[in-house]
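Okay, structure first, notes after.
Given the structure is predicted, the values throughout are model-derived calculations rather than measurements.
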Amino acid sequence: MPTSAANTLVVLDFETTGLSPNQGDRAIEIGAVLIEDGVITQRFSELMNPGFRISRFIEDYTGISNQMLRDAAPCNEVMARFADFIADHNLVAHNAAFDQRFLDAEFAQIRHRYLGQFGCSLLVARRLYQAAPNHQLGTLVRYKQLPTDGTFHRALADAEMTGHLWLAMLADLQQEFGVNAPTFELLQKIAKKTKADVPKFLRQYAGK
DNA sequence: TGCCAGGCCCTCTTTAGGGCCTT
């Protein structure tokens with residue numbers, strides 16, 4: 001039995017020292033929002049000290065400096081608090097494979113396991129918004145005119161925008177495809193379809 | 001020594017190559 005409420009999920013985003021935990025990269029910031037019944041009800045945002053200096057590229061890319069990280073709590077402390085935040089909820093991220101690799105790597109450091117399933121807003125958006133110029137998060141925010149304060153590449157801001165993107169996709173499934181009460185599980189199914197198969201699949205799903 | 005992410009997805013494909021997306 002899943003322990004997570006059906007309409008509850010956590011949308012998360014990592015800022016990291018690079019692209020691969022297998023190459024020694026670590027998380028430097030985690031941001032997340034808890035969405036309950038289509039509404040953001042809680043937020044989580046913390047910097048974390050990876051234990052080594054980050055590159056100039058990452059400082060410029062994220063706006064997170066070595067000075068900001070100097071006094072931040074170590075990754076293990078922050079991730080223990082984050083484990084409590086996500087509990088056993090399902091998880092969503094934009095290009096989830098990236099964030100899942102870092103979540104798994106950081107949780108392995110503290111020997112923590114989670115039960116939630118990962119959903120990927122990038123994979124779903126590629127199928128639902130095939131006319132978008134591209135499927136970068138920032139492009140999709142503009143394309144769908146989603147709420148933003150103009151901050152990009154910071155964890156909480158990106159998590160909030162990804163949350164709004166997920167909610168927009170749920171709303172579009174309802175309004176444009178006639179799907180009654182679309183679920184996390186439906187978006188998981190859409191992510192596994194080919195682009196060409198999605199319209200037919202949704203028509204059948206909606207009973208049209 | 002030399003290399004160095006990883007997975008999805010499309011196509012001039014499948015005995016492969018390259019763009020996209022994340023930091």
Side-chain angles (χ1 to χ4, degrees), chain A residues 9-33 44-69 72 75 78-79 82 86 91-109 116-144 146 148 151-166 168-169 187-201:
Chain A
L9 60 91
V10 169
V11 185
L12 64 93
D13 182 74
F14 279 106
E15 303 307 316
T16 70
T17 64
L19 291 172
S20 175
N22 288 339
Q23 300 291 318
D25 289 316
R26 297 293 302 268
I28 57 173
E29 187 179 45
I30 177 69
V33 295
F44 186 101
S45 177
E46 283 204 52
L47 292 169
M48 55 189 121
N49 189 330
F52 54 88
R53 288 183 63 82
I54 64 174
S55 68
R56 178 62 185 272
F57 172 82
I58 294 296
E59 284 189 312
D60 292 343
Y61 186 82
T62 63
I64 298 169
S65 66
N66 280 290
Q67 187 168 5
M68 291 164 67
L69 294 176
C75 295
V78 174
M79 293 308 298
F82 188 58
I86 69 171
L91 306 170
V92 167
H94 200 64
N95 197 10
F98 173 85
D99 292 280
Q100 184 171 9
R101 278 197 297 276
F102 277 94
L103 187 71
D104 290 349
E106 294 297 344
F107 274 171
Q109 295 272 344
Q117 300 294 306
F118 252 100
C120 180
S121 57
L122 170 65
L123 294 182
V124 180
R126 276 179 175 160
R127 287 155 179 78
L128 294 188
Y129 303 140
Q130 297 184 26
N134 61 57
H135 298 88
Q136 296 171 20
L137 180 59
T139 301
L140 291 168
V141 166
R142 288 186 289 274
Y143 181 73
K144 294 300 298 179
L146 301 175
T148 173
T151 303
F152 292 91
H153 305 307
R154 288 300 300 268
L156 180 58
D158 284 3
E160 291 222 38
M161 291 185 288
T162 302
H164 287 299
L165 173 61
W166 193 262
M169 292 193 292
L187 269 67
Q188 294 286 70
K189 287 180 182 175
I190 291 170
K192 291 179 181 174
K193 299 288 178 188
T194 66
K195 285 182 183 178
D197 285 345
V198 166
K200 181 181 177 185
F201 168 73

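Of the listed nucleotides (B:dT23, B:dC10, B:dC20), B:dT23 has the atom at the smallest distance from the side chain of A:Leu19. Ranking B:dT22, B:dT23, B:dC20 by closeness to the A:Phe57 side chain, first place goes to B:dT23. Among the nucleotides B:dT22, B:dT23, B:dC8, the one closest to the side chain of A:Leu123 is B:dC8.
Residues of residues 97-108 of chain A that place a heavy atom closer than 4.0 Å to DNA chain B, in numerical order, are A:Phe98, A:Arg101.
With both ends at atom C1', the span from B:dC12 to B:dG19 equals 15 Å, rounded to whole Å. Between B:dT15 and B:dT1, the two C1' atoms lie 28 Å apart (nearest whole Å). Between B:dG6 and B:dT23, the two C1' atoms lie 13 Å apart (nearest whole Å). When the C1' atom is compared between B:dT14 and B:dC10, the two are found 13 Å apart, to the nearest whole Å. Between B:dT13 and B:dC8, the two C1' atoms lie 15 Å apart (nearest whole Å).
Across the interface with DNA chain B, nearest-nucleotide mapping of A:Asn134 and A:Lys195 shows A:Lys195 to be the residue nearer the 5′ end.
Residue A:Asp25 is out of contact with every strand shown, counting any heavy-atom pair closer than 4.0 Å. In this structure, A:Gln23 reaches the bases: a heavy-atom distance under 4.0 Å links it to at least one base atom across the strands shown. A:Thr62 comes within 4.0 angstrom of sugar-phosphate atoms only, judged by non-hydrogen atoms across all strands, and of no base. Note on A:Leu137: only backbone sugar-phosphate atoms sit closer than 4.0 angstrom, heavy atoms only; bases stay farther off. Across all strands, A:Asp60 comes closer than 4.0 Å to no nucleic acid atom at all (heavy-atom distances). Using a 4.0 Å heavy-atom criterion, one finds that A:Leu122 contacts the sugar-phosphate atoms exclusively.
Computed from coordinates, the A:Tyr129 OH to B:dC20 P distance equals 22 Å when rounded to whole Å. Nucleotide B:dG19 holds its P atom 14 Å from the CZ atom of A:Arg126, rounded to whole Å. Rounded to a whole Å, the NZ atom of A:Lys193 is 16 Å from the P atom of B:dC8. Rounded to a whole Å, the CZ atom of A:Phe152 is 16 Å from the C1' atom of B:dC21. For the pair A:Phe118 CZ and B:dC8 P, the computed distance is 14 Å after rounding to whole Å. Taking atom CD of residue A:Glu59 and atom C1' of nucleotide B:dT23, one finds them 14 Å apart after rounding to whole Å. To the nearest angstrom, C1' of B:dT22 lies 13 Å from CD1 of A:Ile30. Here the C1' atom of nucleotide B:dC8 and the CD atom of A:Gln188 are 15 Å apart, to the nearest Å.
Of the side-chain N and O atoms in A:Asn22, one or more sit less than 4.0 angstrom from OP1 or OP2 of B:dG6. Within the structure, every side-chain polar atom (N or O) of A:His135 is placed at least 4.0 Å from both OP1 and OP2 of B:dC20.
A:Glu46 is linked by a side chain to side chain donor-acceptor pair (under 3.5 Å) to A:Arg81, counting only residues two or more places apart in sequence or in another chain. The side chain to side chain contact (heavy atoms under 4.5 Å, CB included) check on A:Glu59 picks up A:Ile54, A:Arg56, A:Ser65, A:Asn66, with sequence neighbours excluded. Not a single ring-ring contact (aromatic ring centres under 6.0 Å, His included) links A:Phe152 to another residue, sequence neighbours left out. Listed by chain and number, the residues in a side chain to side chain donor-acceptor pair (under 3.5 Å) with A:Arg126 amount to none (sequence neighbours excluded). By the ring-ring contact (aromatic ring centres under 6.0 Å, His included) test, A:Tyr143 pairs with no residue at all, sequence neighbours left out.
Put simply, CG on A:Leu69 and CD1 on A:Ile28 are 5.5 Å apart, with the number rounded to the nearest 0.5 Å.
The pair A:Glu15-A:Arg154 does not count as a salt bridge, with every side-chain nitrogen at least 4.0 angstrom from each carboxylate oxygen.
Note: A:Phe82 and A:Phe14 have perpendicular aromatic rings, judged against thresholds of 30 and 60 degrees for the angle between ring planes.
Taking each heavy atom of A:Pro50 and A:Cys75 in turn, the nearest pair found is CA-SG, 3.8 Å.
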